[in-house]
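Reading through the structure tokens given below for one structure.
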Amino acid sequence: MARASAYHILVKTKDEALQIKKKLDKGDNFQKLAKQHSTCPSRRKGGDLGEFEKGDMVKAFDDVVFKRPILEVHGPIKTQFGYHLIKTVYRS
């Protein structure tokens with residue numbers, strides 16, 4: 001089964017996600033911004049979701065983690081939870 005590790009920042013609005021993405025594009029620290037802005041409990045770990053298998057996350061999230069380039073910030077990605085900025089660390 002395919003496995004991956006990713007960080008994410010979850011916010012309520014697309015506008016908020018876009019504002020945070022601009023900061024990331026300028027070189028701001030992903031983990032620091034996750035701690036400040038994310039509504040997910042993973043915020044305490046800087047957005048670190050740890051390792052998980054394909055199918056553990058909702059489809060839109062999985063599609064980013066398992067199909068798009070790693071070590072790049074993707075998003076905003078809309079799910080039923082809100083808007084995500086996702087950075088895949090590795091996958092196998």
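Residue numbers run from 1 in the order of the sequence given. Scope of the values below: all heavy atoms of this structure, side chains included, with no hydrogens, waters or symmetry mates. What you are looking at is a predicted structure, and each value in this text was computed from that prediction instead of being measured.
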With the side chain counted from C-beta on, respond yes when [X] and [Y] share a heavy-atom pair under 4.5 Å apart, and no when they do not.
{"X": "Arg68", "Y": "Thr88", "result": "no"}
{"X": "Lys21", "Y": "Asp28", "result": "no"}
{"X": "Phe52", "Y": "Phe61", "result": "yes"}
{"X": "Val11", "Y": "Thr39", "result": "no"}
{"X": "His8", "Y": "Leu10", "result": "yes"}

Problem set entry | Short side-chain to backbone donor-acceptor contact, Ser38 and Gly47, under 3.5 Å | no

Exercise. Looking only at atom types and distance, does a side-chain atom of Asp63 sit under 3.5 Å from a main-chain N or O of Ala60, one as donor and one as acceptor?
Worked result: no

Can [Y] be reached from [X] by stepping across I, L, V, M, F, W or Y side chains whose heavy atoms are under 4.5 Å apart?
{"X": "Phe66", "Y": "Val58", "result": "yes"}
{"X": "Ile77", "Y": "Ile70", "result": "no"}
{"X": "Val73", "Y": "Leu33", "result": "yes"}

Measuring from [X]:[atom1] to [Y]:[atom2], what's the distance to the nearest 0.5 Å?
{"X": "Cys40", "Y": "Tyr7", "atom1": "SG", "atom2": "OH", "value": "13.5 Å"}
{"X": "Arg91", "Y": "Lys54", "atom1": "CZ", "atom2": "NZ", "value": "9.5 Å"}
{"X": "Lys32", "Y": "Ile9", "atom1": "NZ", "atom2": "CD1", "value": "12.0 Å"}
{"X": "Gln19", "Y": "Lys14", "atom1": "CD", "atom2": "NZ", "value": "13.5 Å"}
{"X": "Tyr90", "Y": "Glu51", "atom1": "OH", "atom2": "CD", "value": "3.5 Å"}

Taking all atoms of both residues into account, what is the closest heavy-atom pair of [X] and [Y], and its distance?
{"X": "His37", "Y": "Arg43", "value": "N-NH2, 4.3 Å"}
{"X": "Met57", "Y": "Asp62", "value": "CB-OD1, 3.5 Å"}
{"X": "Asp48", "Y": "Ser5", "value": "OD1-OG, 4.4 Å"}
{"X": "Gly75", "Y": "Leu85", "value": "C-CD2, 3.8 Å"}
{"X": "Leu71", "Y": "Val89", "value": "CD2-O, 3.8 Å"}
{"X": "Val65", "Y": "Ile86", "value": "CG2-CG2, 3.9 Å"}

Exercise. Quick one: does NZ or CZ of Lys78 land under 6.0 Å from the six-membered ring centre of Tyr83, within 45 degrees of the ring axis?
Worked result: yes

Exercise. With distance as the sole criterion, is a donor-acceptor pair present between the side chains of Thr79 and His84 under 3.5 Å?
Worked result: yes

For this session: Mark yes when over 12 heavy atoms from residues, nucleotides or ligands other than Arg44 sit less than 6.0 Å from its CZ; otherwise mark no.
Result: no

